[in-house]
Amino acid sequence: MLYMSLNEALLTRKVFMSFFKTFLNSPVGPKTTHFWGPVANWGFVAAAMADFEKPPEMLSGNMTGVMCVYSALCMRFAWMVRPRNYLLLACHASNETVQLYQLSRWARGQGYLQLKENKTPST
Amino acid sequence: MAVNPVATHQEKYLKTNRCGLRPTIYSLLHLPPVILILQSFSPFFLQITDISMATSKLQALWNHPAGPKTIHFWAPTFKWGISIANIADFAKPPEKLSYPQQFAVTATGIIWSRYSMVITPKNWNLFSVNVAMAGTGLYQLSRKIRHDYFNEEETAAIKE
C-alpha cells in the first residue's frame, strides 16, 4: 500500500501551498484584471458547449461566424501582448474549436456543405 | 519678376506665434493668457499650417505601437462585430435565441467594461465596445424572457 511518511506529506503540502500562493500573487493572477477578463471569455466556450445538442436551425450563423474570426484575432493578441497571457490564449483556442464545430453544424443545417445536387440553402 | 513662393511661405511661417496660429483679425489671441488657454485645448484650436504637419500626424498614428498595423488595434476593433451580429439577430424570432450565448455576451460585456476602466491607461475604446455588447445582450435576453414567460400567461388566459 502506498503511503507517505509525515515528512513527505508535509513537503508536498508545502510545495502545493507555495505554488498556490505564487499563483494568487502573480501579475496574471486572480487579483488582477488579466485573469478575470479571460475567465469571462470562457463563458463563450461554456455557452457553445451548452448549445451542442440544439437543432441547427436555432443556431445563429452571424454570431458563430463572428466568434470564429474574433477568437483567431484574440489568440494572436494574447500571444503578442505583454505580459503574455496564456490563459487568454487557451480560452480563445478552445473557443475557436467549439465555434468552428458549431459553424459546421449550422452550415450543414443550411445546406451549404451538401454534395452538388438540387439543394438550395434556406434563408 | 515672379513672386517667390518659398519666400512668401517663409514670411507666413515666421509670422506665426508660439502656438502655431497665424495672425488674424482676432489679435486678442496674441495675449499670453489666451495663448496658454488655447494651448491647453491645442488639438481643437491649432491650425495645421503645413501639409507636412498633417501627414506627419497621420504617419504617427499609422506607426503607433497600438496602431492599425498591429493586433493591438484589430482585436478590440473586431469586437464590434459581436455587437453588430447581435443587432442583426434582433430580427430573429425569440424562440431561436440562445440563453447561454446571450448570457455569455452580457456577462463578458459587463466584466470587461468594468476592467477597461480599472487598467492604466483607461481604454475608452474597449469600454465602449463592451458596453455595446452588454446592451445588445441584455436586449436579446429581455426579448427571449418576455416571449417565454410573459406570453405564456397571455396564451393561457386566452385558452381559458
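Order of the sequence lines fixes the chain letters, A, B, ..., with proteins taken first and strands second; residue numbering starts at 1 for each chain.
Among all heavy-atom pairs drawn from Ala50(A) and Pro100(B), the shortest one is CB-CG, 3.9 Å. The shortest non-hydrogen separation linking Ala75(B) to Tyr70(A) is O-CE1, 4.0 Å. Shown here for Tyr99(B) and Lys54(A), the closest heavy-atom pair between the two residues is N-NZ, 4.4 Å.
Checking side-chain atoms of Trp74(B) against main-chain N and O of Leu73(A) turns up no donor-acceptor pair under 3.5 Å.
The number of heavy-atom neighbours closer than 6.0 Å to CZ of Arg84(A), taken from other residues, nucleotides and ligands shown, is above 12. Residue-environment remark: CZ (Phe19(A)) stays at or below the threshold of 12 foreign heavy atoms within 6.0 Å. By the 6.0 Å contact criterion, CZ on Arg143(B) is enclosed, its count of non-hydrogen atoms from other residues, nucleotides or ligands being greater than 12. Other residues, nucleotides and ligands place no more than 12 heavy atoms under 6.0 Å from the CZ atom of Phe103(B).
How far CE of Met80(A) is from CD1 of Ile71(B): 9.0 Å, rounded to the nearest 0.5 Å. A distance of 8.5 Å separates CD of Gln101(B) from CD of Gln102(A), quoted to the nearest 0.5 Å.
A chain of hydrophobic side-chain contacts below 4.5 Å, direct or via other Ile, Leu, Val, Met, Phe, Trp or Tyr residues, connects Trp124(B) to Val131(B). Taken together through direct or relayed side-chain contacts under 4.5 Å among Ile, Leu, Val, Met, Phe, Trp and Tyr, Tyr149(B) and Leu141(B) form part of one hydrophobic cluster. Note: the hydrophobic cluster containing Tyr115(B) does not contain Met117(B) (ILVMFWY, side chain heavy atoms under 4.5 Å, direct or indirect links). A continuous path of ILVMFWY side-chain contacts below 4.5 Å connects Met67(A) to Met75(A), so both sit in one hydrophobic cluster. Cluster membership for Leu88(A) and Trp79(A), using ILVMFWY side-chain heavy atoms within less than 4.5 angstrom, is shared.
Per-residue heavy-atom pair counts under 4.5 Å with chain A were compared for Ser98(B), Ser116(B), Ala107(B), and the maximum is reached by Ser98(B).
Contacts between residues 38-45 of chain A and chain B, counted as heavy-atom pairs separated by less than 4.5 Å, involve Pro38(A), Ala40(A), Asn41(A), Gly43(A), Phe44(A). Within residues 76-84 of chain B, the residues having any heavy atom under 4.5 Å from a heavy atom of chain A are, by residue number, Phe78(B), Lys79(B), Gly81(B), Ile82(B).
Between Met58(A) and Leu97(B) there is no side-chain heavy-atom pair separated by less than 4.5 Å.
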Problem set entry | side-chain contact (heavy atoms from CB on, under 4.5 Å) between Met63(A) and Val105(B), intermediate numbers included | CA-CA 10 Å; Met63(A) 189 63 94; Val105(B) 166; 4.2 Å; yes
